[in-house]
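For reference, the structure is listed below as structure tokens.
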Amino acid sequence: MKRDEFLECMAWGGTGVVYGLTSSGLVGRSLADASAVPLSAATRTFVQISDSHIGFNGKANDDVVATFQQAIDKINALPVAPEFVIHTGDLTHLSKPNQLDTVKQMLGTIKTGAFYAVPGEHDVINDNGDQFFKLFGRGSSDRWFSFDAAGVHSLALTNVVGITKGGILGRDQLEWARADLAKQSSDTPIAIMAHIPLYAVYPDWGWTTDDQSELLDMLRRFDSVTVLNGHIHQVLSKTDGKITFYTAASTAFPQPAPGSAPKPGPLAVPAGDLAKLLGIRTVSIVEGSHQIAVVDESLAKQN
Amino acid sequence: MLLALALATSMTASATAGKVAIKDYAFQKPSITVVAGSTVTWTNSDDDPHTVVADDKSFDSMGLGQGDVWSHTFAKPGTYHYHCGVHPFMKGTVVVTAAAKHV
């Protein structure tokens, strides 16, 4: 299957999950049968953006500020402002002060109830993330946290500090997650956000998290678990029992499909194709149900 | 012949400069051998950032953008394994031999 075709295709995943990527809005709705996901007033939404790489300048995208602005414009044009926006890492390319300043200012223009971020490896490249957590976290000591919004209980995790192969959550964070999840009833919809995928997408490129299985075991008793990751700059999905994983498009540049190139990294595509490979993701939750619609929308102009 | 060449090399060894290009997500000389006191310089030519981090954390270049150059002087003999902190599958080794004694 060619990449373009993959991005346009849609599939069912998990329990009551509708999934699709479209360049023209929430067509995920048309896929669902009438009972699946009525996008009504009882639907609550949040938005995931990822891998904005502010400061990158290369063949794959010579204006990452412009494409990030397009993503923000898309969020601000949604019919209902999302309850929160989560950025799943690599906000900047090199964590330089001017890059951090630019992304911070741009994020401030998003119309949403709250903004959260988890770090990517580019965000912790110089100082294990001290500056990142100061700017975007909940204080330098809180490198992971949970919150309740949009009808889901979300865990915002850090799996990019001290990496030696794939991502790493670490003992302290796993024990914190165990205690946090123990307080939730199994019918509470759970969302997990972390930069590096929490399933083995392609371990040879580090596209996996070394100690993910311990976290996933804690999640198996829940009726609905949505795992949202970034890092690989492409939309992929996988279902494992009641857990569904979604990796997100970047707002900056695509990367090769797993194993399709000698190495990962910024992928230069014909200029007209770039916007089709970048995007934002809207997650809709039907209140009081386990039905979650995950819709990826590219930055390409609507037809 | 090979032995003679090796001897000749070791006899002229003294603190010098080593260079390692970082390109296409690889340290282009996966292993480099220098004598103690030498400085090794890494240059990143990828448009993705890389770092040069000792596995034991004894040195760390921090983020190197495209075109950035970083040097480290190896004072003591030993084998130094390092990797890229952003892409841990990128690995390299610096072997530091004892400085040749000047007779």
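Every chain is numbered from 1 and lettered A, B, ... according to where its sequence line falls, protein lines coming before strand lines. What you see below is based on every heavy atom in this structure, not just the backbone, and it leaves out hydrogens, waters and symmetry mates.
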For a quick test of reading the model, state the closest non-hydrogen atom pair linking A:E121 to B:V86 and the distance between them. CG-CG1, 3.3 Å
Search all heavy atoms of A:I125 against all heavy atoms of B:P49 and return the closest pair with its distance. CD1-CB, 4.1 Å
Search all heavy atoms of B:D48 against all heavy atoms of A:H93 and return the closest pair with its distance. OD1-CE1, 3.4 Å
Heavy-atom distances under 4.5 Å only: say whether A:K165 touches chain B with side chain, backbone, both or neither. backbone
Counting only heavy atoms closer than 4.5 Å, note whether A:P264 contacts chain B via side chain, backbone, both or neither. both
A side-chain contact here means heavy atoms from C-beta on lying under 4.5 Å apart; do B:D24 and A:P262 qualify? no
Work out which heavy atom in A:P266 is nearest to a heavy atom in B:Y25; give both atom names and the distance. CD-OH, 3.1 Å
With respect to chain A, which residue among B:Q66, B:M62, B:K57 yields the maximal number of heavy-atom pairs within a distance under 4.5 Å? B:M62
Below 4.5 Å, heavy atoms only, C-beta onward: do B:D47 and A:F56 meet side chain to side chain? yes
Salt bridge (charged side-chain N to carboxylate O under 4.0 Å, His left out) involving A:D240 - partner list, sequence neighbours excluded: A:R220
Less than 4.5 Å to any heavy atom of chain B: does that hold for the side chain of A:N57, its backbone, both, or neither? backbone
If you take all heavy atoms of B:K91 and A:T164, which pair is closest and at what distance? NZ-O, 4.2 Å
side-chain contact (heavy atoms from CB on, under 4.5 Å) between A:W205 and B:H87, worked out: CA-CA 8 Å; A:W205 288 356; B:H87 311 96; over 6 Å; no
Excluding sequence neighbours, so at least two apart, what forms salt bridge (charged side-chain N to carboxylate O under 4.0 Å, His left out) with A:D62? none
Proximal component of A:L94, with respect to chain B [non-hydrogen, under 4.5 Å]: side chain
Mark yes when over 12 heavy atoms from residues, nucleotides or ligands other than A:K59 sit less than 6.0 Å from its NZ; otherwise mark no. no
